[in-house]
Amino acid sequence: MIIERSSNWREDFIERVDNDGPWDSWTLYKMSYEVEKMNLIPEFSGLQAPKFLTNLQLLPHQVEAAQTVIEKMNGKAILADEVGLGKTIEAGLIMKEYMIRGLVKKALILVPASLQNQWVTELNVRFFIPAISYRKNTPIEQYDVVVMSMDTAKKSPHREKIYEQDYDMIIIDEAHKLKNHKTQIYEFVQSLKKKFCLLLTATPIQNDVFEIFYLVSLLKPGHLGNYETFQESFAQTKRSIEGEKYLKELVNQVMVRNRRSDTGIEWTNRQVQTIPIQYTKEEREVYDMLCELKSVSSVFSSSFTMVTLLKEMCSSKEATFLTLNKMLQKCITKEEIDYIEQIIEKLMKLEINAKAEKVLEIIEKANDKVIIFTEYRATQSYLQWYLYTKGISSVLFNGKYSKSKRDWVKQLFRERDQVLIATESGGEGINLQFCHHVINYDLPWNPMKLEQRIGRVHRLGQEEDVHIYNLAIENTIEQKILDLLNDKIDVFEKVVGDLDDILEKKA
Amino acid sequence: MYASQVHDYLRTFFTETNCEIVSDEGFQLTVQLTIDMDKKIMNRPFYWQYIEATDSEPNPTRLMLITDRTRIQNQFVGEVIHFGSGRLNQIFKATKELGSFVQMYEDVAGTDNQTTLTPYFCVNYKVSYYCDQTKEKIHSLGINLINGDIEDNFHESICNLNLQSNIPEKAFCLQYIIKPSRALERLDMMIQNIITQDDHSWAEEAKNRWEKELEVLNYFYKDTEEKPEVYEIEKKGLEERFNPRIKVEIINGGIFYLK
């Protein structure tokens with residue numbers, strides 16, 4: 001084995017012997033030895049970092065996760081704790097440990113743009129890791145630890161600059177953004193050298209079992225076989241799995257996943273209910289007419305357009321109108337135009353929104369702070385107006401808000417308004433433990449989005465049980481969404497592990 | 001390292017390096033840095049470049065260091081320093097630089113007759129084993145410069161002796177027979193022997209892990225005739241992670257005249 005020798009100490013020493021000095025202070029000499037002894041890493045195993053991290057209260061499951069990654073997974077892992085358990089802390093701890101051990105000097109952290117500054121602050125303040133935020137023209141070669149947005153990193157000239165660096169460690173936050181292997185970001189990360197690598201995501205599977213295949217293949221190609229053998233052994237179709245026990249075991253060799261219930265922290269319960277809703281006669285009529293659209297006009301032949309319209313009709317007439325009106329501009333024949341105008345007329349005449357009435361009922365019964373999630377801006381505004389006419393004040397939120405605006409909204413909700421109405425993109429980055437009721441006004445296709453919504457409220461610091469109401473209109477597309485969500489949750493639980501309740505348990 | 005230990009460390013360090021301690025309250029220390037110390041621990045090369053280029057009046061920093069945050073009233077004055085913080089690491093580094101080479105004599109005061117002092121040469125080595133994990137050991141090797149005997153744990157055996165930097169009046173220092181440069185070679189050989197005889201199952205284990213992961217990688221590309229560039233990149237990553245390496249560093253060392 002090669003033994004490296006470092007330092008010019010030998011030459012310098014001989015020179016001092018020849019010149020009889022200058023000699024250093026005995027006190028400093030002894031202090032230097034003591035410092036080395038104190039910082040010595042006496043064992044291959046165990047963690048050195050915690051004793052340096054005086055600004056940080058580490059939780060037992062975080063320390064254990066770091067140790068597992070370093071000692072059992074050899075420094076390449078998916079950190080898949082449930083939302084709110086501190087994946088960032090675990091990643092920082094692992095990176096710090098490797099830095100102390102002299103195994104990592106240069107590290108690249110890829111994150112969604114909205115989390116860039118938060119990462120830089122956490123690393124500097126809590127871990128004393130001098131990380132910088134990458135902006136255009138940052139001389140990247142001059143910094144050891146760089147936090148960069150994924151969208152920037154994948155583009156020229158930034159990607160080339162990154163490839164020129166020799167990073168010891170790559171950390172990717174919100175790694176489910178890499179679930180699709182055909183994307184630019186996936187290819188970019190694939191071609192990056194990953195000596196030590198951490199992928200952070202609470203949702204390693206969102207829609208189908210291939211996502212975990214691609215994620216693991218990024219981290220450790222071959223661990224789940226290659227595409228053909230994986231498909232053959234485990235996944236005949238997207239949502240039926242064979243040999244699930246083996247797959248789960250393989251996945252768990254490269255993944256750490258703490259659940260809230262494993263943390264030793266007392267968690268309050270989730271009371272999840274599906275609230276079935278009956279359309280009014282008039283609403284049903286419009287819905288049925290919308291269903292007929294695809295046989296009336298070729299403009300509506302795309303199933304995507306149809307699904308959008310039907311989902312919107314399950315949300316509000318305001319949301320429906322916007323799309324329908326846009327489609328109307330594309331229609332040519334008189335027959336098409338007449339039919340759509342007829343729908344619009346009926347739509348505008350609707351006076352009752354059965355779902356909104358249900359919402360009002362829930363809010364009045366809860367008699368407490370309530371968050372409503374909807375997927376549509378138009379519905380968001382409508383609901384605010386509707387609740388206002390019933391004497392209930394609300395505040396709006398969406399994910400595009402700046403940090404200061406978010407804080408302001410949060411404060412209004414805490415102190416003034418009973419209801420917060422958020423759009424889908426408002427799911428991330430705001431924590432509202434003081435609220436205990438979540439209404440999912442529309443259902444997304446992806447169960448993990450629901451989990452993320454619930455996670456805003458059901459997280460560390462929540463002191464009461466959390467009530468979740470999933471609204472679905474009977475005999476509409478929402479029924480199908482509900483079924484599909486159940487299937488997807490089933491896949492997740494078979495491969496990754498159990499989930500807290502997102503939907504009402506099937507009887 | 002507790003707050004009070006950090007405080008004692010800093011006090012000793014600055015006293016020893018001739019930086020004036022302006023005030024010391026046990027949890028807060030105000031120090032007037034010397035120009036040299038400012039250059040070592042304050043990270044402002046451009047300032048010093050400018051001062052020197054323009055021949056201006058230098059103004060080295062007066063540092064107010066807070067070692068126990070819980071005991072201060074004004075949160076906005078001074079710099080909190082604690083184990084793990086960047087500033088303390090810099091001071092550790094400076095300590096290492098300023099405490100590298102010594103020549104010391106054992107104090108013989110109190111003896112009536114002339115005492116003979118024997119020369120020893122000591123090197124404190126840090127040996128690091130690296131693969132995807134790390135382990136370090138310190139070996140303090142001392143060699144008798146008269147007869148060539150070598151002993152381990154040398155530093156521990158002398159660090160509590162009364163030593164001084166000048167030849168004591170009543171001492172007679174033997175002239176060394178083995179020259180320090182030759183002694184250094186012997187110690188280097190000795191450390192090499194110690195390493196060779198050590199248990200290296202860690203390296204075998206690392207190689208096994210490496211091999212296993214390589215097999216997995218090869219499996220992924222088994223049906224690919226022409227391996228893509230990504231394959232080579234992954235392979236290189238594995239090598240860098242698992243390939244066992246040994247590094248020998250010298251912490252410090254010196255010549256000691258002992259009874």
Side-chain angles (χ1 to χ4, degrees), chain A residues 1-7 9-10 12-14 16-17 20-33 35-45 51-55 70-71 74-76 101-103 128 130 168 190-196 217 220-223 225-226 228, chain B residues 1 9 12-13 16 82-86 92 95-96 98-104 124 126 128 130 132-136 138 155 159 163 165 180-181 184 192 195 202-203 209 213 216-220 222-223 229-230 233-234 236-237 240-241 244-255:
Chain A
M1 212 175 323
I2 306 156
I3 299 181
E4 292 169 48
R5 291 177 188 281
S6 71
S7 88
W9 191 89
R10 291 174 182 78
D12 289 355
F13 174 75
I14 300 297
R16 285 176 203 230
V17 172
D20 194 23
W23 302 103
D24 297 333
S25 137
W26 172 234
T27 308
L28 291 175
Y29 178 97
K30 283 196 286 188
M31 282 164 90
S32 171
Y33 184 88
V35 167
E36 288 291 343
K37 219 168 103 181
M38 192 168 59
N39 290 340
L40 202 71
I41 300 157
E43 291 297 334
F44 283 115
S45 57
K51 70 177 179 196
F52 294 92
L53 302 176
T54 45
N55 272 7
I70 293 171
E71 291 172 15
N74 315 329
K76 268 192 173 185
R101 286 178 176 264
L103 298 171
F128 317 118
D168 302 307
Q190 195 176 31
S191 308
L192 212 51
K193 191 184 74 191
K194 293 174 284 296
K195 184 172 154 196
F196 292 101
S217 298
K220 245 178 146 177
H223 186 75
N226 56 27
E228 287 75 24
Chain B
M1 220 176 174
Y9 188 96
T12 319
F13 176 81
E16 207 54 40
H82 52 83
F83 194 55
S85 71
F92 285 166
T95 311
K96 184 167 179 173
L98 298 170
S100 285
F101 315 93
V102 292
Q103 178 162 268
M104 303 300 295
N124 296 319
K126 185 166 90 175
S128 311
Y130 295 109
D132 59 317
Q133 291 164 337
T134 316
K135 181 176 172 172
E136 298 170 339
I138 291 181
H155 183 80
C159 64
L163 302 181
S165 54
S181 57
L184 181 54
Q192 179 113 15
I195 293 169
W202 65 274
R209 291 196 289 275
E213 296 222 358
V216 169
L217 177 66
N218 285 331
Y219 184 79
F220 192 75
K222 75 178 161 73
D223 300 324
E229 202 193 340
V230 180
I233 295 171
E234 286 286 340
K236 188 155 173 276
E240 287 178 15
R241 185 148 53 111
R245 302 174 319 281
I246 298 173
K247 203 167 129 189
V248 179
E249 262 176 284
I250 293 175
I251 302 165
N252 51 20
I255 295 174

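Proteins come first, then strands; the chains are lettered A, B, ... in the order of their sequence lines, and each starts at number 1. These figures come from a predicted structure and were not determined experimentally.
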In chain order, what residues pass the ring-ring contact (aromatic ring centres under 6.0 Å, His included) check against A/Tyr29, with sequence neighbours excluded?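 Residues passing ring-ring contact (aromatic ring centres under 6.0 Å, His included) with A/Tyr29: A/Trp26, B/His155.
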
Mind checking the [atom1]-[atom2] spacing from [X] to [Y]? Nearest 0.5 Å is all I need.
X: B/Leu184; Y: A/Arg10; atom1: CG; atom2: CZ; result: 5.5 Å
X: B/Asn252; Y: B/Phe101; atom1: CG; atom2: CZ; result: 9.0 Å
X: A/Asn39; Y: B/Phe83; atom1: CG; atom2: CZ; result: 4.5 Å
X: B/Ser128; Y: A/Leu40; atom1: OG; atom2: CG; result: 8.0 Å

Residue [X] versus chain A: region with a heavy atom under 4.5 Å:
X: B/Leu98; result: both
X: B/Lys247; result: both
X: B/Val102; result: both
X: B/Ser181; result: both
X: B/Glu229; result: neither

Side chain, backbone, both or neither: which part of A/Leu192 has an atom under 4.5 Å from a heavy atom of chain B?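 For A/Leu192, the contact with chain B is made by the backbone alone.
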
If I measure from the heavy atoms of chain B, does A/Arg101 come under 4.5 Å with its side chain, its backbone, both, or neither?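 Both parts, backbone and side chain.
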
With respect to chain A, which residue among [options] yields the maximal number of heavy-atom pairs within a distance under 4.5 Å?
options: B/Ile255, B/Thr12, B/Ile251, B/Ile250; value: B/Ile250
options: B/Asn218, B/Thr95, B/Val230; value: B/Thr95
options: B/Leu217, B/Ile195, B/Ile138; value: B/Ile138
options: B/Lys126, B/Lys222, B/Glu234; value: B/Glu234
options: B/Ser100, B/Gly237, B/Ser85; value: B/Ser100

side-chain hydrogen bond (donor to acceptor under 3.5 Å, both in side chains) involving A/Lys193 - partner list, sequence neighbours excluded: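 A/Lys193 satisfies side-chain hydrogen bond (donor to acceptor under 3.5 Å, both in side chains) with A/Asp166, B/Glu240 once adjacent residues are dropped.
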
If we define contacts as heavy-atom pairs under 4.5 Å, which of A/Glu71, A/Lys51, A/Met31, A/Gln190 has the most with chain B?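 Top count of heavy-atom pairs under 4.5 Å with chain B: A/Met31.
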
Output the option from A/Gly21, A/Ser25, A/Pro221 having the highest count of non-hydrogen pairs under 4.5 Å with chain B.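 Max contact count across the listed options: A/Pro221.
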
Is there a side-chain contact between A/Arg5 and B/Gln192 (heavy atoms, below 4.5 Å)?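 Yes, side chains in contact.
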
Just by distance, do the side chain of B/Asp132 and the backbone of B/Arg241 share a donor-acceptor pair under 3.5 Å?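 Pair absent, no side-chain N/O of B/Asp132 close to backbone of B/Arg241.
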
Test B/Glu213 against every option in A/Lys194, A/Lys76, A/Lys220, A/Lys195 by the salt bridge (Lys or Arg N to Asp or Glu O under 4.0 Å) rule and name the one that passes.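 The single option meeting the salt bridge (Lys or Arg N to Asp or Glu O under 4.0 Å) with B/Glu213 is A/Lys220.
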
